[in-house]
Amino acid sequence: MAFIFCPPGFGIAGMICGFVAKSKQERLAPVAIGVSVAGLVIGMVLGFVVFRGMYGG
């Protein structure tokens, strides 16, 4: 549930961790960055849909 209500926090934290991994030449860093961006976008869309459904609109 936290991913629906706080996607910016988790998405930004994931991107920061991905960029840190990229600076350390980790092999899967680009995948981590991509997944965190996708999670940010999907979480924001789901949060919008859930809040719109709860409060009408």
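- Every residue two or more places apart in sequence or in another chain was checked for a side-chain contact (heavy atoms from CB on, under 4.5 Å) with Ala32, and none qualifies.
- In terms of the side-chain contact (heavy atoms from CB on, under 4.5 Å) criterion, residue partners of Val31 (sequence neighbours excluded) are, by chain and number, Leu28, Val35.
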Exercise answer: donor-acceptor pairs, residues 14-23 side-chain atoms, under 3.5 Å, sequence neighbours excluded:
| unit_1 | atom_1 | unit_2 | atom_2 | d |
| --- | --- | --- | --- | --- |
| Ser23 | OG | Val20 | O | 2.7 |

